[in-house]
2 protein chains.
Amino acid sequence: MPVKKIDSPQDLSTEAKIRAAARTVFHKKGFAATRTRDIAEEAGINLALLNYYFRSKEKLFQIIMMETMKHFMNGMIGVFNDEKTNLESKIQRVAISYIDLMIKDPEIPLFILSEIRANVDDFFSQMPIAKVILNSALMRQYKKAQADGEISNMEPIHFLINLMSMIVFPFAAAPMLKKVASLTDPQYQKMMEDRKVLIPIWINTLLKP
Amino acid sequence: MPVKKIDSPQDLSTEAKIRAAARTVFHKKGFAATRTRDIAEEAGINLALLNYYFRSKEKLFQIIMMETMKHFMNGMIGVFNDEKTNLESKIQRVAISYIDLMIKDPEIPLFILSEIRANVDDFFSQMPIAKVILNSALMRQYKKAQADGEISNMEPIHFLINLMSMIVFPFAAAPMLKKVASLTDPQYQKMMEDRKVLIPIWINTLLKP
DNA sequence: GTCTATAACGTGATAGAC
DNA sequence: GTCTATCACGTTATAGAC
């Protein structure tokens, strides 16, 4: 009886190989700078197969973009809307899950920020992201805590910006940061690990009434 | 006696027109996505003139990149190394001068973050930025205040990251932010103006001993 | 489904007239 | 210095054999 094997590149279907390669290359170089040949080479397949499976570079890119956005948003929405946790633990979980995601996949933040600039409306027309975030359990709890005088009067939008800034920015600026602070990769990783616990503490400090 | 006129596009030399157009287009679209024809059109000149004055797209880009980095760093270095101001007022001035710079030129942060990724070493080999920042008056004052127990024990690198994150990130994420929070441009601008005074207050709160 | 060969097109760069 | 016309090349996409 054959043992179920973990997927390895050789086991993937051609279509899956192309998709995985496209994700890697697009994430690293962005749409304009990647050539379909890069993707074919990364996937170890013939260039013609890319068009056979995905019709065009643009179609393939849209698939990766949507998939990446969904991946990035799903974690968020889950945590933001968990009715069972309170504000403080939500902040902890946002920091942890996002930093984990970006340690695993450090190209994502800059990829999203860069590629969205060109096509803001395309994506958000399909994703009702504004409503989802502004009406999330997190935001409701935040406003309630404010109304009850349990936290400071920092405007909700600034709270959100500050939280996301402290989490995401050091990843978007990683190459520069490493240079400026002369950090080795392990040192950098350690720092980001530390921030998983530090950011919630800092945010709590800012929210003290 | 002719009155000295403020520069307007018509008054600029052809070379200056191309340079200004290149700055605009490169900042907005990045190197890979801009076509030399875009720049020529933006400048209102013939495509051949671009190569006549700048030899190649790449040479022109390097000029813009260096110029932009210098523009971005100069403000910083001036404030960071002003021996006459104390830590608290330096933090205020960093927030104000950077936010002003990015309100005026909102494409700069994402441009730098994206384009540096491809060529980190190229730029920093020419700019001794690590030494300049780590040995700045700001950093010395920070460490001294810490040794004297006047501020909290937040590690200097985290202090720097948090400060820059809160300042820069909302500009890098502006398109997304506007969508998510359903902000009009004036509302967005107002928010960034507010942050010029709020960020120093928040940072001070974090640094309370 | 997968390959090789090539078409079709876009883009950076230049020649040469003015 | 500035223009038009064109080249040279790289890249996306497809035709057609296997």
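Nothing here was measured: the structure is a model prediction, and the numbers come from that model. Every chain is numbered from 1, with letters handed out A, B, ... down the list of sequences.
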Quiz item: If you measure from the Lys or Arg side-chain nitrogens to the Asp or Glu carboxylate oxygens, is any gap between A:K104 and A:D100 under 4.0 Å?
Solution: no

Quiz item: Knowing that exactly one of B:R195, B:K190, B:K196 qualifies, which makes a side chain to side chain donor-acceptor pair (under 3.5 Å) with B:E193?
Solution: B:K196

Self-check item: A:N162 and A:S165 side chains, donor-acceptor separation under 3.5 Å
Solution: no

Quiz item: Is the gap between the ring centers of A:F26 and A:F111 under 6.0 Å?
Solution: no

Quiz item: Can you check whether A:Y98 and A:F72 have ring centres sitting under 6.0 Å from each other?
Solution: yes

Quiz item: Which part of the nucleic acid, if any, lies within contact of B:Y53, taking any heavy atom under 4.0 Å across all strands shown: a base, the sugar-phosphate backbone alone, or nothing?
Solution: sugar-phosphate

Self-check item: Close approaches to DNA chain C from residues 23-48 of chain A, in residue order (heavy atom, under 4.0 Å)
Solution: A:N46, A:A48

Self-check item: 5' to 3' contact window, DNA chain D with chain B (heavy-atom distance under 4.0 Å)
Solution: D:dG1 to D:dT4

Quiz item: Got a salt bridge between B:R140 and B:E83, using NZ or NE/NH1/NH2 to carboxylate O under 4.0 Å?
Solution: yes

Quiz item: Between B:T184 and B:Q187, do the side chains contain an N or O donor and an N or O acceptor separated by less than 3.5 Å?
Solution: yes

Practice problem: Give a yes-or-no answer on whether the side chains of A:K29 and A:T34 include a donor-acceptor pair shorter than 3.5 Å. | Solution: no

